[in-house]
Q: 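Below is one structure. I have some questions about it.
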Number of protein chains: 2
Amino acid sequence: MAVQIKHKIWLEQDNAMLMGKGHVLLLKAIQKMGSLSGAAKEVGISYRKAWKLIDHLNSTAPSAVVELTTGGSGGGGTTVTGYGNELIGFFEEAEKESRLVLEKQLSKNETLWK
Amino acid sequence: MAVQIKHKIWLEQDNAMLMGKGHVLLLKAIQKMGSLSGAAKEVGISYRKAWKLIDHLNSTAPSAVVELTTGGSGGGGTTVTGYGNELIGFFEEAEKESRLVLEKQLSKNETLWK
DNA sequence: AAGCGTTATGCATAGGCGAATATAACGAAA
DNA sequence: TTTCGTTATATTCGCCTATGCATAACGCTT
């Protein structure tokens, strides 16, 4: 099988993880499900971990990324803010740009793998 | 402190890790030291781990990446092949290209972080 | 007031990874 | 043949992370 080039990107603030792909997947699942618990199930991680991811991101980022409400009809829920949406867009575009440039490098050096 | 964008790249073959930054650092240390044990010390990992990294890379890559000799004057040693050198060059160039494109994305979206 | 689904949080446990340790094999030089 | 520094490999131990379980708080609905 051919050699593949993989990559991973993430954002840091004060040398601490701020947001990675896991956060993005979770945020998109929140948009779809309307709750953090539902999103955790959707993505396939424990609620415990999902809550930690979101809590740290939300309390560290320059602006609120999600809004969490407890109680009420349906028990509460979680929604992604406009700022959160901007973050998702930025992350996905950066990842795409990186992927494109890496695939170009790979195809430029095809002879290395055979 | 400002938000930073970090990235990591690696090569896979048959869905298994082939070579990452740790391999590259180790290979360059081998070039400098002439031995795997010395390189491990230089990089700051255990010989055990260094050997596993190199062994898997060397036995999986399309061509030999290093040549290991045991016994003899000096006890033996390890050298990086020409192919190994090509891999190092490819990896470092790919990483640089990716870094450039990501920093461009970050500066294009400065307003997100304040 | 009772019920329900969600957010919020602590704690104990299991699994995986790397480190540390120990030992064998190797082959040139003295 | 003894010595020496290296490669080669198994085994044990400790740490970190994620998970699972348990429990509380919340507030709308009925």
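What you see is a predicted model; the values in this text were computed from it and never measured. Labels below follow one simple rule: chain letters A, B, ... track the order of the sequence lines, proteins then strands, and each chain is numbered from 1. The analysis underlying the following values was restricted to heavy atoms, covering all of them including side chains, and did not include hydrogens, waters or symmetry mates.
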Q: So, Ser107(A) side chain and Lys104(A) main chain: donor-acceptor pair closer than 3.5 Å or not?
A: yes
Q: Are the side chains of Tyr47(A) and Lys41(A) in touch, meaning some heavy atoms are under 4.5 Å apart?
A: no
Q: Whole-Å distance between dT9(D) C1' and Leu68(B) CG?
A: 14 Å
Q: Counting only side-chain nitrogens and oxygens, does Trp51(A) get under 4.0 Å of the OP1 or OP2 atom of dA8(C)?
A: yes
Q: Round to the nearest Å and state the distance from Ile54(A) atom CD1 to dT7(C) atom P.
A: 11 Å
Q: So does Val65(B) get a backbone contact from the side chain of Thr81(B), meaning a donor-acceptor N/O pair under 3.5 Å?
A: yes
Q: Is there a donor-acceptor contact under 3.5 Å from the side chain of His56(B) to the main chain of Leu53(B)?
A: no
Q: Examine dT7(D): is either OP1 or OP2 under 4.0 Å from a nitrogen or oxygen in the side chain of Thr78(B)? Give yes or no.
A: yes
Q: Any non-hydrogen side-chain atom of Leu11(B) less than 4.5 Å from a side-chain atom of Gln4(A)?
A: no
Q: Rounded to whole Å, how long is the line connecting atom OH of Tyr47(A) with atom C1' of dT6(C)?
A: 7 Å
Q: Give the table of side-chain donor-acceptor pairs shorter than 3.5 Å for residues 91-98 of chain A, with sequence neighbours excluded, one pair per line with atom names and distance.
A:
unit_1: Glu92(A); atom_1: OE2; unit_2: Lys28(A); atom_2: NZ; d: 2.7
unit_1: Ser98(A); atom_1: OG; unit_2: Ser98(B); atom_2: OG; d: 3.1

Q: If you define the side chain from C-beta out and look only at heavy atoms, does anything of Val3(B) sit under 4.5 Å from Glu12(A)?
A: no
Q: Taking atom types as modelled and ignoring hydrogens, do the side chains of Gln31(A) and Asn85(A) form a donor-acceptor contact shorter than 3.5 angstrom?
A: yes
Q: Which pairs, with at least one residue in residues 57-83 of chain A and sequence neighbours excluded, count as a ring pair (Phe, Tyr, Trp, His ring centres under 6.0 Å)?
A: none
Q: What's the CG-C1' distance between Leu53(B) and dA8(D), to the nearest Å?
A: 15 Å
Q: How many whole angstroms separate atom CD1 of Ile45(B) from atom C1' of dA20(C)?
A: 14 Å
Q: Base, backbone or nothing for each nucleotide of nucleotides 22-30 of chain C, written B, S, -, heavy atoms under 4.0 angstrom, 5' to 3'?
A: ----BBSS-
Q: Atom NZ of Lys52(B) and atom P of dG16(C): how far apart are they, to the nearest Å?
A: 14 Å
Q: Please work out which residues in residues 8-16 of chain A have a non-hydrogen atom less than 4.0 Å from an atom of DNA chain C and list them by number.
A: none
Q: Flag the pair Ile5(B) / Gln105(B) as yes when at least one side-chain heavy-atom distance between them is below 4.5 Å, and no otherwise.
A: no
Q: Polar pairs (N or O, both sides) under 3.5 Å between protein and nucleotides 14-17 of chain D?
A:
none

Q: Looking at side-chain heavy atoms only, is the closest gap between Met19(A) and Trp10(A) below 4.5 Å?
A: no
Q: If I take atom CG in residue Asn58(B) and atom P in nucleotide dT7(D), what distance separates them, rounded to the nearest angstrom?
A: 13 Å
Q: Please check: side-chain N/O of Asn58(A) versus main-chain N/O of Ala64(A), any donor-acceptor pairing under 3.5 Å?
A: no
Q: Could you identify which residues of residues 20-39 of chain A place a heavy atom less than 4.0 Å from some atom of DNA chain C, listed by residue number, or say none?
A: Ser35(A), Leu36(A), Ser37(A)
Q: Kindly compute the distance separating CG (Asn15(A)) from NZ (Lys6(B)), expressed to the nearest 0.5 Å.
A: 6.5 Å
Q: Could you give the distance from NE2 (His23(A)) to CD1 (Ile54(A)), rounded to the nearest 0.5 Å?
A: 6.5 Å
